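Heads up: the structure comes next, in structure tokens.
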There are 2 protein chains.
Amino acid sequence: MEPSREEVQERMDRFTQTMRDSGTRLTHQRMEIFCEVARTGGHPDAEMVFRRVRKRMTTVSLDTVYRTLWMLNDMGLVTTLGPQRGRVRFDANASPHHHFVCTKCGMVGDFNSREFDDLEVPEEVSRMGDVATTQVQLRGLCSRCQKKESKE
Amino acid sequence: MEPSREEVQERMDRFTQTMRDSGTRLTHQRMEIFCEVARTGGHPDAEMVFRRVRKRMTTVSLDTVYRTLWMLNDMGLVTTLGPQRGRVRFDANASPHHHFVCTKCGMVGDFNSREFDDLEVPEEVSRMGDVATTQVQLRGLCSRCQKKESKE
DNA sequence: TTCTAAATAGGTAATATTCTTAACTAGGAA
DNA sequence: TTCCTAGTTAAGAATATTACCTATTTAGAA
């Protein structure tokens, strides 16, 4: 599941380009941290990234890893699995439904779609396990955050 | 967005039935906690549930709320938004892809599907905000957890 | 090279979640 | 009903996770 050498290179290029374009400093730490996530096939958490990066940069701090990861997230260079930072949130709606998640404020809206409910699961997935539910997650800026942004 | 009275009643019935079937005790606390989540349109976190339930049961503890919510989750009566308990996880894969999430161990597997990439966003959602990405989340038991279960 | 705003390390603080244990109670048995 | 007890709870302590503070360092501009 590791990305190919070319894939990793491509991600690194996108990273440096995006950083330059937005005028954000390209520090050694940031490069190491992004590189670590980019070349990992899985979905590491901050602690894992920290441990791996520290092997090469013994002084890096966990706080820097967190700060950098969330910054990368804000810039769209990495994504988080599930909603944004914060607490676990629960949902008692047992009937099939789907979510729109605001990538900025974490607001979650429910919606229904017959089409989404009835998606056919790819063969590839059956090797991973038994699928019980299907849920579509749409991510983007909610209208409230849009208004805020346009004011600035 | 609040569920209708009938909808709440239906959820409560399902709750008591499932609890009885599994031989789990129907305590006052559990009923209040489930009821609180069931009648909330949104997606409350444990702290919110705790604050609301405490208004009626002044002695309930936060720990009980957590324990109960995770128990309800295990029984399939509520779901969590995003992956299971634990840390935030990051993903540097910028190209569109989708996830299979194990509801037991939290294992996440990636997969690709042209069909899923090109889903058409329902009109209803455009009122919530601007959709940037579409991601399908399939949930179920991964093969490893299946094997573990069948052993028991 | 020098300068300066931005970023970092390391310690500390704040949150979020879970564990421990003694006391309590729901629900079955008598 | 009353008694019994395994399962459940409250409360506080312990962990885990994430964010803040400040002196120091550094990337990138001039």
Side-chain angles (χ1 to χ4, degrees), chain A residues 15-37 43-51 53-75 77-78 80-90 105-106, chain B residues 15-34 36-37 43-75 77-78 80-90 105-106:
Chain A
F15 163 71
T16 49
Q17 194 55 55
T18 309
M19 293 291 274
R20 288 231 175 79
D21 290 351
S22 71
T24 315
R25 285 194 183 169
L26 255 178
T27 64
H28 192 41
Q29 287 90 338
R30 287 174 175 174
M31 292 184 64
E32 290 289 355
I33 289 166
F34 180 77
C35 183
E36 194 54 58
V37 183
H43 308 94
D45 59 37
E47 181 78 26
M48 275 190 233
V49 175
F50 173 60
R51 278 204 307 270
V53 169
R54 197 166 45 170
K55 284 183 187 163
R56 276 165 288 137
M57 291 186 65
T58 49
T59 65
V60 75
S61 74
L62 181 57
D63 184 43
T64 298
V65 173
Y66 272 106
R67 249 185 304 106
T68 303
L69 287 172
W70 286 118
M71 185 204 66
L72 293 169
N73 180 62
D74 290 344
M75 301 180 90
L77 288 164
V78 305
T80 58
L81 298 193
Q84 304 306 99
R85 61 191 92 188
R87 309 167 181 188
V88 178
R89 297 168 66 176
F90 298 85
C105 70
Chain B
F15 163 72
T16 49
Q17 194 55 55
T18 309
M19 293 290 276
R20 287 232 176 80
D21 290 352
S22 70
T24 314
R25 284 195 184 168
L26 255 178
T27 64
H28 192 41
Q29 288 90 337
R30 287 173 176 175
M31 291 184 66
E32 290 289 354
I33 289 167
F34 179 77
E36 194 53 57
V37 182
H43 308 95
D45 59 39
E47 181 78 27
M48 276 189 231
V49 176
F50 172 59
R51 278 205 306 271
R52 289 180 197 158
V53 169
R54 197 167 45 172
K55 284 182 188 165
R56 275 165 290 139
M57 291 187 64
T58 50
T59 65
V60 74
S61 75
L62 181 58
D63 183 45
T64 296
V65 173
Y66 272 107
R67 248 185 306 104
T68 304
L69 287 172
W70 287 119
M71 186 206 66
L72 293 170
N73 180 62
D74 291 344
M75 300 179 92
L77 289 165
V78 305
T80 59
L81 298 193
Q84 303 305 98
R85 59 189 92 188
R87 309 166 180 189
V88 178
R89 297 167 67 176
F90 297 85
C105 70

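Every chain is numbered from 1 and lettered A, B, ... according to where its sequence line falls, protein lines coming before strand lines. Worth saying up front: this structure is predicted, and the values here are computed from it rather than measured.
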What's the [atom1]-[atom2] distance between [X] and [N], to the nearest Å?
X: A:Tyr66; N: D:dC21; atom1: OH; atom2: C1'; result: 18 Å
X: A:Phe50; N: D:dA19; atom1: CZ; atom2: C1'; result: 15 Å
X: B:Arg89; N: D:dA16; atom1: CZ; atom2: C1'; result: 16 Å
X: B:Leu72; N: D:dT8; atom1: CG; atom2: P; result: 12 Å
X: B:Met48; N: C:dT15; atom1: CE; atom2: P; result: 16 Å
X: B:Leu62; N: D:dT9; atom1: CG; atom2: P; result: 14 Å
X: A:Arg51; N: D:dA16; atom1: CZ; atom2: P; result: 12 Å
X: B:Glu47; N: C:dT17; atom1: CD; atom2: P; result: 9 Å

(request) Look up atom CZ in A:Phe50 and atom CD in A:Glu36, then write down how far apart they are to the nearest 0.5 Å. (result)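 It comes to 12.5 Å.
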Min side-chain heavy-atom separation [X]-[Y] under 4.5 Å:
X: B:Val49; Y: B:Thr68; answer: no
X: A:Trp70; Y: A:Thr80; answer: yes
X: B:Arg67; Y: B:Met71; answer: no
X: A:Asp45; Y: B:Val88; answer: no

Identify all pairs in which a protein N or O lies below 3.5 Å from an N or O of nucleotides 2-6 of chain D, and state each distance.
residue : atom : partner : partner atom : Å
D:dA6   : N3   : B:Arg25 : NH2          : 3.0

(message) Over all strands shown, is A:Leu26 touching base, sugar-phosphate only, or nothing at heavy-atom distances under 4.0 angstrom?
(response)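 Contact class for A:Leu26: sugar-phosphate only.
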(message) Can you confirm whether more than 12 heavy atoms, excluding those of A:Met31, are under 6.0 Å from its CE atom?
(response)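 No, not enclosed.
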(message) Based on the rotation axes of five pairs at each end, what angle does the helix from C:dT1-D:dA30 to C:dA30-D:dT1 bend through, to 10°?
(response)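 So the angle between the two local helix axes works out to 40°.
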(request) For the pair B:Phe34 and B:Phe15, name the ring-plane relationship: parallel under 30°, tilted 30 to 60°, perpendicular over 60°. (result)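 Because their plane-to-plane angle is under 30°, the rings of B:Phe34 and B:Phe15 count as parallel.
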When the side chains of residues 22-30 of chain B are checked against the rest of the protein, which donor-acceptor pairs come out under 3.5 Å, sequence neighbours left out?
residue : atom : partner : partner atom : Å
B:Ser22 : OG   : B:Thr18 : O            : 3.3
B:Ser22 : OG   : B:Met19 : O            : 3.1
B:Ser22 : OG   : B:Thr24 : OG1          : 2.7
B:Thr27 : OG1  : B:Arg30 : N            : 3.2
B:Arg30 : NH1  : B:Arg25 : O            : 2.9

Quick one: is [X] getting a side-chain N or O under 4.0 Å of the [N] phosphate, OP1 or OP2?
X: B:Arg30; N: C:dA26; answer: no
X: B:Thr27; N: C:dT25; answer: no
X: A:Trp70; N: D:dA19; answer: yes

(request) Provide the closest heavy-atom pair for A:Ile33 versus A:Leu69 in the form atom of the first, atom of the second, distance. (result)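 Scanning both residues completely, I find the closest heavy atoms to be CG2-CD2, 4.0 Å.
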Could I get a table of every N or O pair under 3.5 Å where one atom is in the protein and the other is in nucleotides 22-24 of chain D?
none

(message) Please check this pair: side chain of A:Arg89 against backbone of B:His43, looking for a donor-acceptor N/O pair closer than 3.5 Å.
(response)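 Yes, the answer is positive, given that a donor and an acceptor are paired below the 3.5 Å cut-off.
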Mind listing the N/O atom pairs, protein and nucleotides 9-12 of chain C, below 3.5 Å?
residue : atom : partner : partner atom : Å
C:dA9   : OP1  : A:Gln29 : NE2          : 3.3
C:dA9   : OP2  : A:Ser61 : N            : 3.3
C:dA9   : OP2  : A:Ser61 : OG           : 3.3
C:dA9   : OP2  : A:Thr64 : OG1          : 2.4
C:dG10  : OP2  : A:Thr59 : O            : 3.0

(request) Under the salt bridge (charged side-chain N to carboxylate O under 4.0 Å, His left out) rule, collect the residues that match up with B:Glu32, sequence neighbours excluded. (result)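 B:Glu32 satisfies salt bridge (charged side-chain N to carboxylate O under 4.0 Å, His left out) with B:Arg56 only.
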